[in-house]
Amino acid sequence: MIIIDDYYKGFEGYPEIDFYTYINEEKTGIEMWEGYFDKIMNELSPVDGKWVSLAYFYHLDEGWYDESPWVIPDNKKALEQFETIEIKVLDNVTQEIILKLIKLLKDNLDSEIFIEYS
């Protein structure tokens, strides 16, 4: 069984980003249109003048762009980074997505979490 929150419906044919893990052998996570992901990533800022964690891979078009699915190297750092986003500046759908991403990371800090780009 697959348990996925779908934020890709209506954007078929456009790039898709999926965040997921396996819980009791069930794929669990979020699939979204790349545009929502771009809105989230554009709210992140460099740390001491440098991109770090997921923003680093995003801005260099590495990681999930090179090999998909790709395992997030440090769930804690990714979570901390997402928690810096001022959620109220995002539209309602993107707010829902970031809150679900934060929950996915929090609930699965010690598990492999994948990002898949297609």
Side-chain angles (χ1 to χ4, degrees):
M1 181 174 185
I2 299 174
I3 304 166
I4 298 284
D5 289 319
D6 185 358
Y7 293 94
Y8 184 67
K9 196 174 193 106
F11 294 100
E12 293 82 359
Y14 291 96
E16 176 182 347
I17 299 272
D18 299 343
F19 277 73
Y20 61 88
T21 191
Y22 290 92
I23 300 172
N24 300 323
E25 298 180 29
E26 293 181 343
K27 188 175 182 179
T28 304
I30 303 159
E31 59 186 26
M32 72 189 91
W33 166 56
E34 184 186 42
Y36 292 131
F37 184 62
D38 289 341
K39 288 178 189 179
I40 290 167
M41 297 306 288
N42 285 324
E43 291 303 316
L44 298 173
S45 300
V47 176
D48 298 325
K50 296 181 182 174
W51 292 114
V52 297
S53 190
L54 294 182
Y56 172 82
F57 297 102
Y58 175 81
H59 287 285
L60 294 180
D61 289 329
E62 292 182 0
W64 58 89
Y65 294 104
D66 292 332
E67 56 182 79
S68 191
W70 179 79
V71 178
I72 295 175
D74 188 328
N75 294 344
K76 190 170 190 277
K77 283 189 176 160
L79 172 62
E80 289 169 357
Q81 191 168 51
F82 281 156
E83 288 178 328
T84 67
I85 294 173
E86 191 174 336
I87 293 173
K88 67 182 180 204
V89 303
L90 299 169
D91 64 76
N92 291 341
V93 174
T94 310
Q95 285 181 24
E96 272 182 48
I97 293 169
I98 188 63
L99 291 172
K100 288 182 179 183
L101 286 174
I102 288 170
K103 182 172 177 14
L104 179 70
L105 286 160
K106 269 186 186 170
D107 292 351
N108 300 284
L109 277 177
D110 296 327
S111 303
E112 285 188 326
I113 299 178
F114 299 89
I115 300 177
E116 191 169 326
Y117 175 77
S118 56

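What you see is a predicted model, and the numbers here were worked out from it, not measured in a lab. Computed from heavy atoms alone, side chains included, the values below leave out hydrogens, waters and symmetry copies.
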**Student:** Is it true that atom CZ of F114 has more than 12 heavy atoms of other residues, nucleotides or ligands lying nearer than 6.0 Å?
**Tutor:**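 Atom CZ in F114 is packed in, count exceeds 12.
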**Student:** Linking I/L/V/M/F/W/Y whenever their side-chain heavy atoms sit closer than 4.5 Å, directly or via other members, would V71 and F37 fall into one cluster?
**Tutor:**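 No, separate clusters.
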**Student:** When rounded to the nearest 0.5 angstrom, what distance separates CE in M41 from CG in L54?
**Tutor:**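 Here the interatomic distance stands at 5.5 Å.
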**Student:** What are the two closest heavy atoms between E16 and D18, and how far apart are they?
**Tutor:**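 Between these two residues, the closest heavy atoms are OE2-OD1, 2.7 Å.
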**Student:** Find the distance between CG (D66) and CG (D61) and round it off to the nearest 0.5 Å.
**Tutor:**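 These two atoms lie 8.5 Å from each other.
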**Student:** Which atom names give the shortest non-hydrogen contact between S111 and T21, and what distance separates them?
**Tutor:**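 Taking every non-hydrogen atom into account, CB-OG1, 3.8 Å.
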**Student:** Hey, quick one: are L105 and V47 part of the same hydrophobic cluster, counting side-chain heavy atoms closer than 4.5 Å, chains of contacts allowed?
**Tutor:**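 Unlinked, L105 and V47 end up in two clusters.
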**Student:** Grouping I, L, V, M, F, W and Y whenever their side-chain heavy atoms are under 4.5 Å apart, do Y22 and I115 come out in a common cluster?
**Tutor:**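 Hydrophobic grouping puts Y22 apart from I115.
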**Student:** Just wondering, more than 12 heavy atoms not from K100 lying within 6.0 Å of its NZ?
**Tutor:**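 Enclosed.
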**Student:** What's the spacing between L104 CG and I23 CD1 if we round to 0.5 Å?
**Tutor:**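 Reported to 0.5 Å precision, the distance equals 7.0 Å.
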**Student:** Would you mind reporting whether M32 and Y8 have side-chain heavy atoms less than 4.5 Å apart?
**Tutor:**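 No. Closest side-chain heavy atoms not under 4.5 Å.
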**Student:** Less than 4.5 Å apart, any side-chain heavy atom of Y56 and any of E62?
**Tutor:**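 They are in contact (side-chain heavy atoms under 4.5 Å apart), so the answer is yes.
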**Student:** Atom CD of E116 and atom CD of E31: how far apart are they, to the nearest 0.5 Å?
**Tutor:**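 Those atoms lie 9.5 Å apart.
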**Student:** Could you list all the ring pair (Phe, Tyr, Trp, His ring centres under 6.0 Å) pairs where at least one residue sits in residues 67-109, not counting sequence neighbours?
**Tutor:**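 Checked against ring pair (Phe, Tyr, Trp, His ring centres under 6.0 Å) - neighbours excluded - the pairs reaching residues 67-109 are F57-W70, W64-W70.
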**Student:** For side chain to side chain contact (heavy atoms under 4.5 Å, CB included), just list the numbers for K77 and V52, CA-CA rounded to whole Å, side-chain angles, deciding distance to a tenth of an Å, and then say yes or no.
**Tutor:** CA-CA 9 Å; K77 283 189 176 160; V52 297; over 6 Å; no
**Student:** Verify the cluster assignment for Y20 and Y7: are they in a single hydrophobic cluster under the rule of side-chain heavy atoms below 4.5 Å apart?
**Tutor:**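 Y20 does not cluster with Y7.
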**Student:** For the residue pair L90 and I97, establish whether any side-chain heavy-atom pair is separated by less than 4.5 Å.
**Tutor:**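 L90 vs I97: side chains apart.
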**Student:** Give, for atom CD of E12 and atom OH of Y14, the distance between the pair rounded to the nearest 0.5 Å.
**Tutor:**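 E12 atom CD to Y14 atom OH measures 10.5 Å (nearest 0.5 Å).
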**Student:** Are side-chain N/O atoms of D38 and Y58 paired as donor and acceptor at under 3.5 Å?
**Tutor:**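 Side chains of D38 and Y58: pair found under 3.5 Å.
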**Student:** Would you give the length of the straight line joining atom CG of N108 to atom CZ of F19, rounded to the nearest 0.5 angstrom?
**Tutor:**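 So the gap between those two atoms works out to 13.0 Å.
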**Student:** Looking at K76 and E80, does any basic side-chain N land under 4.0 Å from a carboxylate oxygen?
**Tutor:**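 So K76 pairs with E80 through a salt bridge.
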**Student:** Just by distance, do the side chain of D91 and the backbone of V93 share a donor-acceptor pair under 3.5 Å?
**Tutor:**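 Present.
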